[in-house]
Amino acid sequence: MYFFLLNLALLDLGCISTTLPKAMANALWDTRAISYQGCAAQVFFFLFFISAEYYTLTVMSYDRYVAICKPLHYGSLVGSRACAQMAAAAWGSGFLNAVLHTATTFSLPLCQGNAVDQFFCEISQILKLSCSDTYLREFGALVFSFSLAFGCFVFIVVSYVQILRAVLRMPSEQGRHKAFSMCLPHLAVVSLFLCTAMLAYLKPPSISSPSLDLLVAVLYVVVPPAVNPLIYSMRNQDLKATLKKMILVMTNPLCDPEAFSECVYS
């Protein structure tokens with residue numbers, strides 16, 4: 001579990017580092033400029049990290065399934081070698097997906113200006129600048145990626161259906177609580193990731209506007225990588241105790257943080 005969490009943390013860091021630093025630098029210097037090569041690199045790395053993260057979440061659902069539904073076989077099915085192979089497959093698939101979309105997108109002639117109506121280089125916005133009929137190649141790449149993403153989604157759903165059935169059959173309430181505490185953070189991260197991505201790419205064109213597109217982009221580019229560490233860290237008892245202390249001190253200025261156990265609301 002912690003091996004996959006390490007991979008997820010690295011992907012979150014890479015994903016948010018691809019877009020935000022450039023956007024913050026442009027805001028500080030009051031400019032929106034980015035070079036053509038920089039835009040292509042941003043598209044590639046963003047797709048690489050976001051795709052690899054989705055595939056890693058899919059692998060993590062299998063890890064949860066084996067841990068709960070086949071606990072006696074966990075050591076043989078999810079050993080260190082199998083974990084390394086699954087992680088490598090997730091990173092490799094993300095790399096191939098990024099290469100496919102970056103190559104097809106930037107092979108199109110862009111003749112509708114050079115203004116991308118977003119705070120980072122987004123494929124959907126770049127395609128609006130193309131005046132070529134050869135964007136069917138990108139459509140084919142999108143169909144391939146969507147099919148793969150839908151297959152991962154089905155795999156996650158089936159895994160959690162099996163997990164839920166196994167948990168509900170557990171006679172021990174403590175065992176059910178432990179199983180739910182193991183699965184709920186992952187399920188929350190998957191739901192956040194999928195909901196924000198679907199909102200970004202499946203919203204009706206009739207409700208599209210620059211301000212709404214910007215808001216939705218922030219939701220799926222910034223929010224999941226920023227919230228994921230917090231979601232998984234809530235299982236850490238020390239972190240939860242520190243968070244409670246901070247909330248108590250903020251709501252009661254007279255409270256002494258060093259005497260947290262004796263602190264009460266006035």
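Side-chain atoms are counted along with the backbone in the values below, which use heavy atoms only and exclude waters and symmetry mates.
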Original post:
Is the Phe95-Phe44 ring centre distance short of 6.0 angstrom?
Top reply: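 Yes, they do, as the ring centres are separated by less than 6.0 Å.
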Just how far is it from atom [atom1] of [X] to atom [atom2] of [Y], taken to the nearest 0.5 Å?
X	Y	atom1	atom2	value
Ile156	Tyr62	CD1	OH	15.0 Å
Cys15	Leu11	SG	CG	8.5 Å
Leu96	Trp91	CG	CH2	14.0 Å
Thr56	Asn7	OG1	CG	6.0 Å
Phe155	Ser61	CZ	OG	5.0 Å
Phe3	Met86	CZ	CE	8.5 Å

**OP:** Please report the shortest heavy-atom distance between Thr19 and Phe46, naming the atom on each side.
**Re:**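 In terms of heavy atoms, the two residues are closest at CG2-CD1, 4.0 Å.
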**OP:** Write out all pairs satisfying side-chain hydrogen bond (donor to acceptor under 3.5 Å, both in side chains) with one or both partners inside residues 71-83, taking only residues at least two apart or from two chains.
**Re:**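 Those involving residues 71-83 are Asp63-Tyr74.
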Connected via hydrophobic side-chain network under 4.5 Å: [X] and [Y]:
X	Y	answer
Ile50	Phe4	yes
Val59	Val157	yes
Met24	Phe49	no
Phe48	Tyr55	no
Leu5	Val78	yes

Original post:
Can you list the residues that meet the ring-ring contact (aromatic ring centres under 6.0 Å, His included) rule with Tyr65, with sequence neighbours excluded?
Top reply: none
Original post:
Listed by chain and number, what are the ring-ring contact (aromatic ring centres under 6.0 Å, His included) partners of Tyr54, not counting sequence neighbours?
Top reply: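 For Tyr54, the residues satisfying ring-ring contact (aromatic ring centres under 6.0 Å, His included) (neighbours in sequence not counted) are Phe193.
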Subject >> Set of residues satisfying side-chain hydrogen bond (donor to acceptor under 3.5 Å, both in side chains) with respect to Ser51, sequence neighbours excluded >> reply: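 Once residues adjacent in sequence are excluded, the partners of Ser51 under the side-chain hydrogen bond (donor to acceptor under 3.5 Å, both in side chains) criterion are Asn97.
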**OP:** Under the side-chain hydrogen bond (donor to acceptor under 3.5 Å, both in side chains) rule, collect the residues that match up with Tyr160, sequence neighbours excluded.
**Re:** His186
Give every donor-acceptor pair under 3.5 Å between a side-chain atom in residues 161-169 and any protein atom, sequence neighbours left out.
none

Original post:
So, the side chain of Thr102 versus the backbone of Val99: is there a donor-acceptor pair under 3.5 Å, distance only?
Top reply: no
Subject >> Check: His101 and Val43 side chains under 4.5 Å, non-hydrogen atoms >> reply: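 In short, these two side chains do not touch, never coming nearer than 4.5 Å.
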